[in-house]
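Below is one structure; the comments refer to it alone.
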Amino acid sequence: MPQYQAVKGTRDIFPDEAAQWKYVEGAVHTLASLYGFSEIRTPVFEYTELFQRGIGATTDIVGKEMFSFLPDPNGRSITLRPEMTAGVMRAALQKNLLSLAPVHKLYYISELFRKERPQAGRQRQFSQFGAELLGVSSPVAVAEVITLMMQVFESLGLTGLNLRINSLGDTADRLRYREALQLYFAPFHDQLDDSSKERLEKNPLRILDSKNPAIQDIIAGAPRLYDYLSTSSVEEFEKVLFYLSERGIAYSVDHRLVRGLDYYCHTAFEVTSSELGAQDALGGGGRYDGLARELGNSQDLPAAGFAVGMERLLITMEKQGLFAALIPHAPLVYVVLQEQELLDHGMQIAFRLRKAGIKTEIDLAARSMKAQMREANKMRASYALFIGKEEEQSGLYALKNLVTSEQSTLSLEAVLDILREPAQRELLKS
Ligand code: AMP
């Protein structure tokens with residue numbers, strides 16, 4: 001075994017898999033731009049307080065999963081970002097984006113870090129793509145981000161996903177509900193586990209999030225937040241559902257779905273895949289108007305967003321065979337050398353082709369002509385360009401279309417003319 005291994009909870013992405021990532025990232029970029037979202041890239045680390053305030057001190061992420069460190073002995077603690085929303089909101093407030101335009105639509109594909117116990121679908125470094133719609137205080141915003149997320153899934157060909165959705169109401173609704181929960185759980189206090197006991201004091205909504213089988217029966221009997229919503233909160237939620245139905249997006253209302261963060265309000269949603277094991281959540285999101293104030297803004301800022309785990313998305317796609325048609329590195333033309341002494345000339349030709357924007361492969365391992373042809377077929381090159389002594393001297397090359405097997409002898413200029421067109425088509429596709 002080599003001396004150095006990747007750190008537990010991290011993994012390498014080798015070229016075949018990187019091609020899958022690129023494909024998925026391409027779909028995210030295309031669809032985000034179709035919906036008018038622009039990409040934002042924020043720093044990998046932020047001041048620790050940002051996450052303490054922005055995610056909430058009672059959450060597992062802040063309580064035990066952050067990679068935090070002091071950059072220097074007297075410095076402020078900094079943390080590798082465990083999620084993107086707090087950083088995006090910090091950036092938006094810092095730049096005073098909303099004073100520049102009333103609405104901002106941002107998306108990202110970013111690496112995140114959480115000190116969780118590594119297991120299938122749970123890493124310490126992982127990636128999410130997500131979107132944040134800032135400045136729109138209506139059900140339109142949340143419907144828009146859900147639609148974008150679901151269209152990304154659909155365009156990638158994913159099936160069998162389950163979108164669950166719930167309303168968390170507004171602050172006043174939740175305060176009423178919080179009291180009701182505390183009253184309900186109080187008689188069960190001794191049967192609760194330690195973390196639920198702690199949550200009972202600080203944030204009883206999060207008890208509903210517990211996966212502990214021993215307390216599921218107690219949880220099942222708890223009052224529903226939905227019954228504590230005001231009329232206007234119910235109307236808001238129904239509007240979101242109306243938009244989804246109108247767009248043919250299937251969902252199920254799940255009154256047990258909570259995202260336990262204080263700044264979430266109104267709609268919360270989660271998407272799961274039956275293809276994933278115990279960690280079946282693919283992504284989720286909601287509306288979080290209170291986050292800006294939590295981060296020191298003088299008032300709430302309407303915001304809705306989602307985040308989807310890239311690794312789990314890729315696992316689901318792999319299981320559904322959605323990468324089968326993906327050819328990681330198909331060159332347009334493979335330069336085949338009759339003998340190795342022609343390598344210099346071959347490299348010169350390959351250079352000319354590449355300069356003209358034509359994806360070209362040439363053997364650098366001094367393999368036989370037969371092996372080179374095998375490689376060209378394996379890589380699914382569209383053309384082979386043969387170089388022998390004769391070709392070197394005459395400047396006329398045999399270009400073979402590997403799909404139709406048609407072959408013609410041509411000058412390099414003519415070869416360039418023929419190959420440029422498909423090369424451009426390739427470029428437009430990517
Ligand atoms: P969250 O920010 O916790 O709501 O997570 C959103 C999505 O990110 C989840 O549904 C997962 O798909 C993914 N995710 C969260 N934590 C991890 C992790 N440790 N490893 C891999 N994916 C994760």
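For ligands, and for the atoms within them, numbers begin at 1 and follow the listed sequence. This one's a predicted model, so the numbers in the text were calculated from it and none came from an experiment. Hydrogens, waters and symmetry mates are skipped; everything else that's a heavy atom, side chains included, is used. Quick note: residue numbers are just sequence positions, from 1.
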Next on the checklist: Distance under 4.0 Å to a non-hydrogen atom of G309: what atoms of ligand 1 satisfy this?
Outcome noted: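 Listed by number with element: 7 (C), 8 (O), 12 (O), 13 (C).
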Next on the checklist: Show me which atoms of ligand 1 lie under 4.0 Å from any heavy atom of E116.
Outcome noted: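 The atoms of ligand 1 under 4.0 Å from a heavy atom of E116 are 16 (N), 17 (C), 18 (C), 19 (N).
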Checklist entry - In terms of ring plane angle, is the pair Y107 and H29 parallel, tilted or perpendicular, where the classes change at 30° and 60°? => result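 The rings of Y107 and H29 stand perpendicular, inter-plane angle above 60°.
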Checklist entry - Under 30°, 30 to 60°, or over 60°: which ring-plane class applies to Y288 and Y264, parallel, tilted or perpendicular? => result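 The arrangement is perpendicular - the two ring planes meet at more than 60°.
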Next on the checklist: Measuring from atom 16 (N) of ligand 1, which candidate in R114, E83, M310, K115 has the nearest non-hydrogen atom?
Outcome noted: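 Minimum heavy-atom distance to atom 16 (N) of ligand 1 goes to R114.
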Within the structure, does [X] bring an N/O atom to less than 3.5 angstrom of an N/O atom in ligand 1?
X    : answer
E311 : no
V308 : no
Q123 : yes
L282 : yes

Checklist entry - When you check the gap from the basic side-chain N to the acidic O, do R81 and E46 get nearer than 4.0 Å? => result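 Salt bridge flag = no for E46 with R81.
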Checklist entry - Any side-chain heavy atom of L402 sitting closer than 4.5 Å to one from Y334? => result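 Side-chain contact under 4.5 Å: no.
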Checklist entry - Between F306 and L148, is any pair of side-chain heavy atoms under 4.5 Å apart? => result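 F306 reaches L148 side chain to side chain.
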Item to check | Among L168, V240, V145, L241, side chain to side chain contact (heavy atoms under 4.5 Å, CB included) partner for T267 | outcome: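 When L168, V240, V145, L241 are each tested with T267, the side chain to side chain contact (heavy atoms under 4.5 Å, CB included) holds only for V240.
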Checklist entry - Is ligand 1 under 4.0 Å from a heavy atom in the side chain of Q128, in the backbone, in both, or in neither? => result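 Answer for Q128: side chain.
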Next on the checklist: Just checking F69: does its CZ atom have more than 12 heavy atoms from other residues, nucleotides or ligands closer to it than 6.0 angstrom?
Outcome noted: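 Buried by this count: over 12 neighbours within 6.0 Å.
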Checklist entry - Is it true that G283 lies under 4.0 Å from ligand 1, counting heavy atoms only? => result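 Yes.
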